[in-house]
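Notes follow once the structure below has been shown.
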Amino acid sequence: MPARPADKLLSHYDANARALPWRNPPGSPPMDPYRVWLSEVMLQQTTVATVKPRFRRFVERWPTVEALAAAPAEDVMQEWAGLGYYARARNLHACAKSVAATGGFPRTADGLRKLPGIGDYTAAAVASIAFGEGTAAVDTNVERVIARLHGIDRPVAEARPDIRRLAAAMWPRDRAGDFAQALMDLGATICRPKAPLCGECPLAADCVAFASGTPEAFPGPKAKAIRPHRHGEAWWIERDGAIWLVRRPEKGILGGMAALPGPEWATAAPTGRAIAIVSHGFTHFTLDLHVTHRAAPPDSEGWWQGLATISEAGLPTLYARAIEAALAAREARADAA
DNA sequence: AAATCGTGGTA
DNA sequence: TTACCAAGATT
């Protein structure tokens, strides 16, 4: 009787190094749920390479969920600066407070799913990896692997119900967490979106996409959206070696983050003279941000941030780059003079 | 339920 | 250089 694909994959996983260095080897006792949860939230739409050093720093600063819950919100946002999708940091803090108040993480996916920032995937991942629940954690890697295995050539958005059904059908309940990590490792290193390494795949003999000769064609391409262009203005208000910073509103883009003050971004370019202009790409639009001088004292809430300690302000990448560009322009002017 | 929400790496 | 993509969640 031939081995099932799930068993082949688990054997392959047991014999190979894992992509996440902070995870325990397969078969060892379940990990600290705090660390599993934190790393899964950090990894949402974010590469392992980016997360690795940030995860280490974060757990060093806040080793337990209770410590994180007790931290000021501004400190959490500052620590998250540069990681993007800042709603994750706001939800992370809210989730930590809830968990600390109730004395620990829920031990089931259904319980975890109710917490802020925990969706279907993260709930299943934490429940299976940290608590041994037999739940299928389906992320984009898993969707791609399953689609190829079964030769599904429709776009994932359309085929998702079928993919989830097929995933659940093959998911080993007794090693659900290991299987999730095995599938994701496979998706990240072998069954890649482009140029999959089918020659190294333990599931090649079972794979319809491989048999077709064009495995990259599965699943179908997702519809691409056009990215509009916007313009913005950021005010440079300086006094005694410090600049005026504000905190952006909780909702909307860069919500809750430190920022240069300025009007809302629009479609028309600012007309005044700019110290510097930085171009930045967001997920669904691109932005040209004009940094302009403003002598007027601040009329809103904010604080003076010394330029010598600007790196500690917890600025998102857009504003970090804008300030860097403004200082570089000043330096160039000083050299010319 | 389609839109919104960051950033950095790769081809 | 543009386009695509990454261990998704929320509204």
Side-chain angles (χ1 to χ4, degrees), chain A residues 18-23 31 35-55 77 80-92 94-95 112-130 136-145 155-158 160 167 177-189 191-196 216 219 221-230 248-257 259 265 278-287 289 315-321:
Chain A
R18 288 147 304 113
L20 302 185
W22 57 84
R23 291 279 164 82
M31 279 188 61
R35 294 188 177 219
V36 176
W37 161 72
L38 175 61
S39 61
E40 288 299 341
V41 173
M42 269 194 187
L43 285 163
Q44 289 166 7
Q45 300 292 282
T46 308
T47 60
V48 172
T50 299
V51 166
K52 208 192 289 188
R54 303 301 300 264
F55 174 77
M77 301 313 286
W80 203 270
L83 272 175
Y85 285 152
Y86 298 101
R88 291 185 296 172
R90 286 179 266 127
N91 288 330
L92 189 84
C95 184
L112 289 159
R113 182 65 180 79
K114 296 185 177 71
L115 291 167
I118 300 186
D120 288 341
Y121 164 75
T122 304
V126 174
S128 61
I129 295 169
V138 180
D139 78 323
T140 54
N141 287 300
V142 177
E143 287 176 338
R144 181 175 60 256
V145 173
V156 168
E158 188 184 322
R160 182 162 289 125
D178 284 342
F179 193 66
Q181 297 185 82
L183 271 174
M184 292 188 280
D185 274 7
L186 189 77
T189 62
C191 195
R192 308 179 296 193
K194 282 176 262 188
E216 308 101 333
K222 66 175 174 185
K224 51 186 165 192
I226 52 145
R227 276 205 305 184
H229 188 69
R230 294 185 194 167
R248 293 178 60 87
E250 294 291 309
K251 302 233 178 250
I253 196 158
L254 307 180
M257 298 303 290
W265 306 333
V278 294
S279 298
H280 195 75
F282 292 105
T283 302
H284 60 289
F285 65 93
T286 57
L287 177 76
L289 186 67
L315 289 157
T317 300
L318 168 67
Y319 291 109
R321 288 183 51 210

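Chain letters run A, B, ... following the sequence lines, proteins first, then strands; residues in each count from 1.
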Check the distance between [N]'s [atom2] and [X]'s [atom1] and give it to me in whole angstrom.
{"X": "A:Arg88", "N": "C:dT11", "atom1": "CZ", "atom2": "P", "answer": "16 Å"}
{"X": "A:Tyr86", "N": "C:dG8", "atom1": "OH", "atom2": "C1'", "answer": "17 Å"}
{"X": "A:Glu143", "N": "C:dC5", "atom1": "CD", "atom2": "P", "answer": "13 Å"}
{"X": "A:Arg192", "N": "C:dA6", "atom1": "CZ", "atom2": "P", "answer": "13 Å"}
{"X": "A:Tyr85", "N": "C:dA7", "atom1": "OH", "atom2": "P", "answer": "13 Å"}
{"X": "A:Asn141", "N": "C:dC5", "atom1": "CG", "atom2": "C1'", "answer": "11 Å"}
{"X": "A:Asn91", "N": "C:dT11", "atom1": "CG", "atom2": "P", "answer": "7 Å"}
{"X": "A:Arg54", "N": "C:dA7", "atom1": "CZ", "atom2": "C1'", "answer": "18 Å"}

So where does chain A start and stop touching DNA chain B, 5' to 3', when the test is distance under 4.0 Å to a non-hydrogen atom? B:dT4 to B:dG8
Please compare A:Lys251 and A:Gly187 by the position of their nearest nucleotide in DNA chain C and report the one closer to 5'. A:Gly187
The answer to which of A:Met184 and A:Arg227 contacts DNA chain C further toward the 5' end, by nearest nucleotide, is A:Arg227
Nearest atoms (heavy-atom pairs only) where A:Gly187 meets A:Pro193: O-CD, 4.5 Å
Could you walk me through whether A:Arg54 and A:Thr46 pass the side-chain hydrogen bond (donor to acceptor under 3.5 Å, both in side chains) check? CA-CA 11 Å; A:Arg54 303 301 300 264; A:Thr46 308; over 6 Å; no
For [N], does either OP1 or OP2 sit under 4.0 Å from a side-chain N or O belonging to [X]?
{"X": "A:Arg144", "N": "C:dA6", "result": "yes"}
{"X": "A:Lys224", "N": "C:dC4", "result": "yes"}
{"X": "A:Thr122", "N": "C:dA9", "result": "yes"}
{"X": "A:Gln44", "N": "C:dG8", "result": "no"}

Using the C1' atom on both, measure B:dA2 against C:dA7 and round to a whole Å. 24 Å
The residue among A:Thr283, A:Val41, A:Asn91 that forms side-chain contact (heavy atoms from CB on, under 4.5 Å) with A:Tyr85 is A:Thr283
A:Asp139 pairs by side-chain contact (heavy atoms from CB on, under 4.5 Å) with which of A:Arg144, A:Gln45, A:Met184? A:Met184
Does the side chain of A:Gln181 come under 3.5 Å of the side chain of A:Arg23 through a donor N or O and an acceptor N or O? yes
With distance as the sole criterion, is a donor-acceptor pair present between the side chains of A:Glu40 and A:Tyr121 under 3.5 Å? yes
Where the side chain of A:Asp185 is defined as all heavy atoms beyond and including C-beta, which of C:dA7, C:dG8, C:dC5 is the nearest nucleotide? C:dA7
A:Arg160 and A:Glu143: CA distance, side-chain angles, deciding distance, salt bridge (Lys or Arg N to Asp or Glu O under 4.0 Å) verdict: CA-CA 8 Å; A:Arg160 182 162 289 125; A:Glu143 287 176 338; 2.8 Å; yes
Compute the centroid of each ring, for A:Phe282 and then for A:His280, and state whether the two points are separated by less than 6.0 Å. yes
Identify, between A:Thr50 and A:Phe285, the residue whose nearest nucleotide on DNA chain B lies closer to the 5' end. A:Phe285
Contact class for [X] vs. all strands (heavy atom < 4.0 Å): base, sugar-phosphate, or nothing?
{"X": "A:Gly82", "value": "sugar-phosphate"}
{"X": "A:Leu83", "value": "base"}
{"X": "A:Thr46", "value": "base"}

